[in-house]
Amino acid sequence: EADIYQTPRYLVIGTGKKITLECSQTMGHDKMYWYQQDPGMELHLIHYSYGVNSTEKGDLSSESTVSRIRTEHFPLTLESARPSHTSQYLCASSELGTGKPEAFFGQGTRLTVV
Amino acid sequence: AQTVTQSQPEMSVQEAETVTLSCTYDTSESDYYLFWYKQPPSRQMILVIRQEAYKQQNATENRFSVNFQKAAKSFSLKISDSQLGDAAMYFCAYMNTGFQKLVFGTGTRLLVSP
């Protein structure tokens with residue numbers, strides 16, 4: 001069973017605050033991803049990682065940053081939240097270089113910046 | 001860059017009937033993976049079905065099957081004997097085997113009526 005956890009599920013925060021969205025997986029997957037899902041439901045890749053100490057920017061430019069110090073943990077940080085950051089953020093993970101490439105997703109964090 | 005196109009923003013089906021969701025993609029790669037994911041309202045994104053490009057046989061998972069046309073770069077999802085629980089957003093996704101970036105289409109909302 002896939003186990004990937006995101007916290008918090010919902011977050012309402014004021015403009016200018018620093019926030020960290022947590023994502024953890026217990027499957028030992030090397031690949032991890034962050035997607036931003038807009039109200040129209042379209043998914044945009046904002047960050048991904050191949051493993052520890054690897055981080056890459058995705059297709060959609062984002063002011064957020066990520067880190068990958070441990071295999072199981074891939075947090076996303078916004079240094080200064082703005083209303084334009086209001087969105088749903090989905091974390092996912094997958095195996096690297098195997099015959100099972102499918103990504104498993106967390107439940108998402110719905111962020112509202114007021 | 002790879003792109004995935006879902007031209008049907010919304011589809012409707014009655015319970016027990018069959019519906020087909022369309023997806024086309026663009027790539028210059030010869031080896032890749034294609035997926036259909038389901039995202040129920042306010043719930044987790046889950047994998048419905050996977051297709052390896054090197055396999056000619058269409059993938060099937062219970063009531064879900066695909067029609068994979070590699071030359072036409074088409075990957076449709078057929079849902080047979082539709083159930084109320086099938087109502088969700090369905091995303092077609094592409095992953096190349098090299099960089100393993102997962103690219104999504106814009107999604108099709110499936111409505112199921114009794």
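Chain naming here is simple, since letters A, B, ... match the order of the sequence lines and numbering starts at 1 in each.
When heavy atoms are compared at a cutoff of 4.5 Å, A/Arg9 approaches chain B solely by way of its side chain, counted from C-beta outward. There is no contact between A/Glu56 and chain B, counting heavy-atom distances below 4.5 Å. Contact of B/Arg109 with chain A is made through the side chain alone, with heavy-atom distances under 4.5 Å. With a threshold of 4.5 angstrom between heavy atoms, B/Met95 approaches chain A through side-chain atoms but not through N, CA, C or O. Only the side chain of B/Leu47 comes within less than 4.5 Å of a heavy atom in chain A; its backbone stays farther off. Contacts between B/Gln39 and chain A at a heavy-atom distance below 4.5 Å involve the side chain alone, from C-beta outward.
Here the OG1-CE distance, from B/Thr106 to A/Met41, works out to 11.5 Å after rounding to the nearest 0.5 Å. One finds the CG atom of A/Asp59 at 11.0 Å from the OG1 atom of B/Thr3 (value rounded to the nearest 0.5 Å).
Chain B forms more heavy-atom pairs under 4.5 Å with one residue of A/Gln6, A/Arg110, A/Gln37 than with any other, namely A/Gln37. The most heavy-atom pairs under 4.5 Å with chain B, out of A/Ala103, A/Ala92, A/Gly108, A/Gly58, come from A/Ala103. The candidate with the highest count of non-hydrogen atom pairs below 4.5 Å against chain B, out of A/His44, A/Gln107, A/Glu102, is A/Glu102.
Hydrophobic clustering, with ILVMFWY side chains joined whenever heavy atoms are under 4.5 angstrom apart, groups B/Tyr90 together with B/Ile49. The hydrophobic cluster containing B/Tyr94 does not contain B/Phe35, counting ILVMFWY residues as joined when their side-chain heavy atoms lie under 4.5 angstrom apart, directly or transitively. One hydrophobic cluster, built from ILVMFWY side chains closer than 4.5 Å, holds both B/Tyr37 and A/Tyr48. Linking ILVMFWY side-chain heavy atoms closer than 4.5 Å, directly or via other members, places A/Tyr89 and A/Val66 in a single hydrophobic cluster. Follow the hydrophobic side-chain contacts under 4.5 Å out from B/Phe68 and you reach B/Val19 in the same cluster.
The shortest distance between side-chain heavy atoms of A/Phe104 and B/Met45 does not fall below 4.5 Å. Proximity of B/Arg50 to A/Pro101: side-chain heavy atoms (C-beta onward) are separated by under 4.5 Å at one or more points.
Looking at A/Tyr35, its side chain never comes within 3.5 Å of a backbone N or O of B/Phe104 through a donor-acceptor pair. Looking only at distances, a side-chain donor or acceptor of B/Gln44 sits under 3.5 Å from a matching main-chain atom of A/Phe105.
At most 12 non-hydrogen atoms from other residues, nucleotides or ligands lie less than 6.0 angstrom from CD of B/Gln57. In the displayed structure, B/Arg63 atom CZ is contacted under 6.0 Å by more than 12 heavy atoms of other residues, nucleotides or ligands. Within a 6.0 Å sphere centred on CG of B/Leu84, heavy atoms belonging to other residues, nucleotides or ligands number more than 12.
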